[in-house]
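Heads up, the thing below is written out as structure tokens.
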Amino acid sequence: MQKVKKAIIPAAGLGTRVLPATKAMPKELLPIVDKPAIQYIVEEAVASGIEDILIITSRGKDLIVDHFDRSPELESRLEKGGKLEALEEVKRIASLCNISFIRQKEILGLGHAVLQAKTFAGGDPVAVLYGDDVIMSERKPVCRQLIDAYETYGKGVVGVKEVSTEQILKYCSLAVEKIKDNIYTCSDMIEKPRKEEILSHFAILGRCVLPPEIFQLLEETQPGAGGEIQLTDAMARLCRSEGMIAVDFDGKRYDMGNKLGIMEAAVETALRHPEIGKEFRDYLKNLVSSIDFS
């Protein structure tokens with residue numbers, strides 16, 4: 001069984017649900033306290049044993065490339081100012097792992113974005129960490145949880161959670177059977193199902209590990225929901241032919257393409273933050289006590 005050492009982060013979406021904040025700034029760079037969202041995703045991949053990352057961007061997202069590059073001018077100023085802790089942090093960002101970039105020249109869906117990574121994958125399995133989804137776990141990184149399942153069962157793996165009926169109609173629905181604990185077999189899935197098409201309330205939320213054959217399937221996939229090439233449609237064919245594994249992962253997912261998700265990520269991360277956590281908790285207590293909720 002091949003080890004999973006490569007990851008793809010699709011980050012080409014326009015972020016229209018959080019305009020005007022994303023008019024000039026990629027949604028992937030929206031801050032969660034003191035780090036941009038995509039840095040949390042990259043750090044999760046690195047903590048999971050990933051060595052090479054391909055970030056798929058689009059026109060107007062060069063700031064993402066800049067964030068993971070060295071900044072000699074900034075580093076020089078920090079060094080001269082004696083801000084050595086900040087200096088080490090900005091240097092660390094540029095050396096997290098081998099990060100490369102490619103543009104998705106047309107925004108034709110998540111499946112099309114992942115297909116741009118075929119050469120990068122080079123016949124190896126790949127982890128896919130959706131650029132919209134920051135997932136925090138207090139124990140094992142979610143990407144690592146999925147990699148462990150891939151290396152145990154030898155099949156593609158999707159990270160899932162049970163969601164409401166309202167949400168499942170916007171996401172995808174999976175046909176699953178429990179193997180043990182939080183591990184399931186997945187035999188089918190459908191993107192944005194109608195109510196009568198719901199297979200279960202388990203939906204893929206932001207993470208998967210895919211075998212090399214996914215790229216051939218994507219090349220054969222026709223536009224589906226929304227007129228886009230859906231990764232789910234290719235994975236559904238994989239489910240029906242070989243089966244996949246679904247992991248009900250341990251972690252909290254934040255949708256960074258959603259205004260409420262952005263605020264939840266900021267508030268909950270601030271509460272846990274080693275530098276400001278205590279002061280922020282005190283602030284929230286005072287704030288809540290002063291609000292009339294009637």
Side-chain angles (χ1 to χ4, degrees), residues 7 9 11 15 17-18 21-22 25-50 53 55 63-64 67-68 78 83-97 99 127-148 159-164 167 181-182 203-208 247-291 293:
I9 302 177
R17 290 182 294 162
V18 288
T22 52
M25 174 188 288
K27 66 180 182 296
E28 294 83 8
L29 291 181
L30 291 172
I32 303 176
V33 185
D34 53 0
K35 291 192 289 190
I38 196 168
Q39 185 175 330
Y40 285 91
I41 299 172
V42 168
E43 288 176 344
E44 177 193 335
V46 172
S48 300
I50 295 297
I53 295 175
I55 299 178
L63 287 174
I64 297 176
H67 180 71
F68 291 103
L78 291 172
K83 298 179 179 179
L84 301 184
E85 187 174 336
L87 174 63
E88 290 307 308
E89 177 61 17
V90 297
K91 284 184 176 181
R92 186 186 71 86
I93 293 168
S95 59
L96 285 168
C97 70
I99 302 177
V128 181
L129 298 87
Y130 298 11
D132 277 351
D133 294 321
V134 171
I135 307 181
M136 309 284 196
S137 177
E138 294 184 2
R139 291 185 285 276
K140 185 184 293 186
V142 171
C143 182
R144 185 70 242 177
Q145 295 173 41
L146 271 59
I147 289 172
D148 287 347
V160 303
K161 283 291 181 187
E162 285 191 280
V163 300
S164 67
Q167 289 174 309
D181 303 326
N182 63 330
I204 301 170
L205 293 185
R207 301 289 184 270
C208 53
V247 175
D248 184 1
F249 59 79
D250 175 25
K252 173 69 180 288
R253 174 246 188 183
Y254 302 98
D255 181 358
M256 297 302 294
N258 175 285
K259 295 172 185 176
L260 181 59
I262 292 167
M263 293 308 301
E264 289 175 346
V267 170
E268 293 178 26
T269 302
L271 287 170
R272 297 189 299 267
H273 197 281
E275 184 180 340
I276 65 168
K278 182 181 183 304
E279 290 178 311
F280 189 66
R281 285 192 295 273
D282 293 341
Y283 161 75
L284 278 187
K285 288 176 184 177
N286 291 333
L287 178 64
V288 170
S289 66
S290 68
I291 295 175
F293 291 98

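Computed over heavy atoms, backbone and side chain alike; hydrogens, waters and symmetry mates excluded.
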Would you check if the side chain of Gln39 reaches a backbone N or O of Pro36 as a donor-acceptor pair within less than 3.5 Å?
no

Main-chain N/O of Tyr254 paired with Glu264 side-chain donor or acceptor, under 3.5 Å:
no

Please say whether more than 12 non-hydrogen atoms of neighbouring residues, nucleotides or ligands are located less than 6.0 Å from CZ in Arg92.
yes

Across all chains, not counting sequence neighbours, the salt bridge (Lys or Arg N to Asp or Glu O under 4.0 Å) partners of Lys91 are none

Out of Arg253, Lys35, Arg207, which residue meets the salt bridge (Lys or Arg N to Asp or Glu O under 4.0 Å) rule with Glu44?
Arg207

Charged N to carboxylate O below 4.0 Å: is that the case for Glu138 and Arg272?
no

So, Arg281 side chain and Leu271 main chain: donor-acceptor pair closer than 3.5 Å or not?
yes

So NZ of Lys27 and CG of Asn258: to nearest 0.5 Å the spacing works out to 12.0 Å

Taking all atoms of both residues into account, what is the closest heavy-atom pair of Leu129 and Ala7, and its distance?
CD1-CB, 3.8 Å

Minimum heavy-atom distance Ala270-Val33, with the two atoms named
N-CG2, 3.6 Å

More than 12 heavy atoms of other residues, nucleotides or ligands under 6.0 Å from CD of Gln167: yes or no?
yes

Under the 3.5 angstrom rule, does the side chain of Ser290 hit a backbone N or O of Leu287 as a donor-acceptor pair?
yes

For the NZ atom of Lys161 and the CD1 atom of Ile135, what is their distance to the nearest 0.5 Å?
9.0 Å

Just by distance, do the side chain of Asp248 and the backbone of Asn182 share a donor-acceptor pair under 3.5 Å?
no

Mind checking whether Val267 and Leu284 have side chains closer than 4.5 Å, heavy atoms only?
yes

All heavy atoms of Ile38 vs all of Ala11, minimum pair found to be CD1-CB, 4.3 Å

Enter the distance from Ile53:CD1 to Ile41:CD1 here, rounded to the nearest 0.5 Å.
10.0 Å

Nearest 0.5 Å, what's the CG-CD1 distance between Asp133 and Ile9?
11.5 Å

Can you name the closest pair of heavy atoms from Cys97 and Ile50 and give their distance?
CB-O, 4.5 Å

To the nearest 0.5 Å, what is the distance between CD1 on Ile55 and CD1 on Ile64?
7.0 Å

What pair of heavy atoms forms the shortest contact from Val18 to Leu30, and how long is it?
CG2-CD1, 4.4 Å

When rounded to the nearest 0.5 Å, the distance separating CD1 of Ile32 from CD of Glu268 is 10.5 Å

